[in-house]
Amino acid sequence: MSTPTNNKRGFWGSRMGFVLAASGSAIGLGNVWKFPYITGQNGGGAFVLIYLVCIFAVGLPIMLAEFTLGRKTNLNPVGAFKALQPNTAWVGIGYMGVVAGFLILSFYGVVGGWTLAYIVKSFSQSVLEFQSPKDAGQFFGQFIANPTEVVIYQALFMGLCMAIVIRGVHGGIERACQVLMPTLFVILLILMVRSLTLPGAMEGVKFYLSPDFSKITPSVILIALGQAFFSLSLGMGAMLTYGSYLSEKENLTSATVYVVLFDTMIALLVGMVIFPAVFAMGLEPAEGPSLVFSVLPAVFSSMPFGTVVSIIFFVLLAIAAITSGISLLEVVVAYFIDQVGWTRKKAVLTVGLIIFALGIPSGLSFGVMSDVKFMDKTFFDIVDNIASNYLLPLGGMLTAIFVGWKWGIAKAREEIEKHETRFHWANLWGFLIRYVTPVAVAFVFLAKFF
Ligand code: PFF
């Protein structure tokens with residue numbers, strides 16, 4: 001079982017290739033677009049602290065569990081649970097993951113489209129005309145309200161993801177990530193320096209780094225938990241699927257630590273770019289999904305070579321979004337290839353088009369459909385909320401229970417220690433997976449409802 005023979009599946013070229021590809025899945029719009037805006041909406045410092053606890057106490061152990069299940073079975077999420085526990089309800093975790101992949105990519109493609117549009121608009125300099133983030137925000141608001149433009153760019157984004165996934169996993173994904181990650185890091189450092197030297201920046205640093213616990217409610221904790229899952233690509237089998245293309249020689253524990261650290265570093269760095277600028281420029285931190293698209297263009301227009309920086313930044317962000325988008329698509333595609341027997345091409349084309357169609361109402365949620373609301377939420381918000389705050393934490397919790405109690409820590413450990421890799425913190429991990437992770441997620445759900 002552990003030596004894959006299915007020649008429709010690919011393999012990572014090297015260990016670093018795998019770490020980069022998994023980081024490519026983790027690092028994306030979740031770090032650069034979502035993390036700052038939900039931190040802004042949920043009170044700053046205290047939210048960041050709770051987010052970090054969720055990352056290390058809940059996210060990290062689950063990531064290792066997903067990698068282990070994937071490498072053990074060499075299958076997609078549905079197939080993996082079927083192989084280990086045939087004809088049981090556990091397989092439902094896999095199906096839930098496939099559904100989550102569908103839902104997330106549908107709105108992810110919309111925001112991915114926005115980043116592609118901002119590359120084009122940086123070339124024409126139209127995004128850089130505004131010194132004030134209020135004007136830049138207004139420009140962004142007009143853009144996302146324009147149905148034709150939004151849908152065209154969303155189609156372009158989906159098309160790019162599909163083109164890469166059709167070629168199979170390692171070629172495109174690994175190579176793209178190799179250049180992307182270090183460059184993104186460097187450009188964020190440069191932007192951080194610019195942001196911190198704006199007059200009034202320190203107010204933003206205070207908002208971001210000094211916790212005010214009066215802002216914390218059960219809903220806020222659930223959002224932090226959901227964001228931890230979203231940002232680390234957990235709870236829907238994306239990391240399981242990536243692990244399934246991994247050979248036994250690799251060290252799963254160190255790969256997990258690298259991916260979690262890279263992802264967290266990038267998110268924290270983005271916060272240090274956004275919040276100083278938000279306060280220096282007199283913008284509202286709770287502005288919502290348009291935050292990054294209003295603040296950054298104003299930062300770019302206040303610095304030398306702003307146009308070039310803007311182009312480079314949005315190109316990197318688009319690549320980061322694509323490397324995450326392909327992992328979402330890959331989960332659904334791998335299911336149809338392995339379980340339903342479709343060819344890769346048929347799976348990518350069919351699934352990609354359906355997800356694109358499902359994403360259109362999300363894309364229109366900021367314009368023609370902005371008044372179509374259910375419980376005060378737009379279509380976009382509903383899909384995001386169901387997938388990120390419910391399906392992912394639930395999927396993660398069930399995965400932890402499965403590995404901790406059903407499949408068993410001992411078997412997982414055996415897989416992790418293949419090829420004599422010593423798993424030094426096995427006991428701690430077992431404790432986290434069996435007790436801390438499931439209890440934490442259940443507690444957050446219960447606190448939210450009662
Ligand atoms: N982790 C990605 C991001 O932060 O942008 C989004 C994502 C990818 C979520 C893959 C879930 C997933 F399975």
Side-chain angles (χ1 to χ4, degrees), residues 20-39 51 54-55 59-60 62-63 66-67 69-70 76-77 93-94 96-115 157-158 161 164-165 169 173 177 180-181 184 223-244 259-260 262-271 289 292 316-335 351 355 359 383-396 399:
L20 285 169
S23 306
S25 167
I27 297 169
L29 296 168
N31 307 57
V32 179
W33 159 75
K34 207 171 179 197
F35 175 74
Y37 98 71
I38 62 174
T39 302
Y51 172 74
C54 294
I55 289 279
L60 193 149
I62 294 186
M63 185 178 290
E66 282 204 25
F67 283 159
L69 285 171
N76 65 86
I93 307 176
M96 241 171 61
V98 175
V99 172
F102 250 100
L103 294 181
I104 294 179
L105 187 52
S106 76
F107 73 85
Y108 206 84
V110 172
V111 185
W114 297 349
T115 63
F157 182 86
M158 288 301 298
C161 291
I164 298 177
V165 174
V169 279
I173 301 180
C177 296
L180 164 78
M181 237 64 74
L184 185 63
I223 294 172
L225 186 70
Q227 173 65 10
F229 280 96
F230 187 88
S231 191
L232 294 176
S233 304
L234 295 178
M236 54 158 279
M239 289 305 183
L240 188 157
T241 307
Y242 271 27
S244 77
V259 176
V260 170
F262 287 161
D263 185 72
T264 308
M265 233 161 54
I266 297 278
L268 293 179
L269 197 52
V270 173
V292 171
L316 291 173
L317 182 55
I319 301 173
I322 290 170
T323 54
S324 302
I326 52 189
S327 73
L328 288 158
L329 186 56
E330 180 66 22
V331 169
V332 190
V333 163
Y335 164 73
V351 167
I355 293 177
V383 179
D384 179 10
N385 190 38
I386 294 177
S388 318
N389 296 339
Y390 294 94
L391 289 178
L392 297 187
L394 196 63
T399 304

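All ligand and atom numbering here is 1-based and tracks the order in the structure. The chain is numbered in sequence order, starting from 1. Only a predicted model underlies this, so the values are computations on that prediction, with no experimental measurement involved.
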Exercise. Could you tell me whether some N/O pair between I27 and ligand 1 is separated by less than 3.5 angstrom?
Key: no
Self-check item: Exercise: do D263 and S231 side chains pair donor with acceptor under 3.5 Å
Solution: yes
Quiz prompt | Top protein contact for atom 2 (C) of ligand 1, by heavy-atom distance | solution = S25 O, 3.3 Å
Quiz item: Would you say S233 and ligand 1 have an N/O pair spaced under 3.5 Å apart?
Solution: yes
Practice problem: May I ask you to check if ligand 1 and M236 share an N or O to N or O distance below 3.5 Å? | Solution: no
Exercise. Look at atom 9 (C) of ligand 1 and say which protein heavy atom is nearest, naming residue and atom and giving the distance to 0.1 Å.
Key: F230 O, 3.3 Å
Exercise. Measure the CD-OG1 distance between E330 and T241 for me, rounded to the nearest 0.5 Å.
Key: 7.0 Å
Quiz item: Does the separation of the ring centres of Y51 and F35 fall below 6.0 angstrom?
Solution: yes
Exercise. Would you check the N or O atoms of I104, main chain and side chain alike, for any that come under 3.5 Å of an N or O of ligand 1?
Key: no
Quiz prompt | Residue pair S324 / S25, side-chain donor-acceptor N/O under 3.5 Å | solution = no
Quiz item: What atoms in ligand 1 come closer than 4.0 Å to a heavy atom of L29?
Solution: 5 (O)
Exercise. For a side chain to side chain contact (heavy atoms under 4.5 Å, CB included) with M96, tell me which candidate from L391, T399, L392 qualifies.
Key: L391
Quiz item: Under 4.5 Å between any side-chain heavy atoms of L317 and W33, yes or no?
Solution: no
Practice problem: May I ask you to identify the nearest protein heavy atom to atom 5 (O) of ligand 1, giving residue, atom name and distance to one decimal place in Å? | Solution: Y108 OH, 2.4 Å
Self-check item: N/O separation below 3.5 Å, A26 to ligand 1
Solution: yes
Quiz prompt | S327: numbered ligand 1 atoms lying under 4.0 Å from its heavy atoms | solution = 8 (C), 10 (C)
Quiz item: Which atoms of ligand 1 have any heavy atom of N31 under 4.0 Å away?
Solution: 4 (O)
Quiz prompt | S388/K34 under side-chain hydrogen bond (donor to acceptor under 3.5 Å, both in side chains): CA gap, chis, key distance, verdict | solution = CA-CA 11 Å; S388 318; K34 207 171 179 197; 3.3 Å; yes
Quiz item: Only one of T323, L232, L20, L184 forms a side chain to side chain contact (heavy atoms under 4.5 Å, CB included) with I27, so which one is it?
Solution: L184
Exercise. Look at atom 12 (C) of ligand 1 and say which protein heavy atom is nearest, naming residue and atom and giving the distance to 0.1 Å.
Key: L328 CD2, 3.3 Å
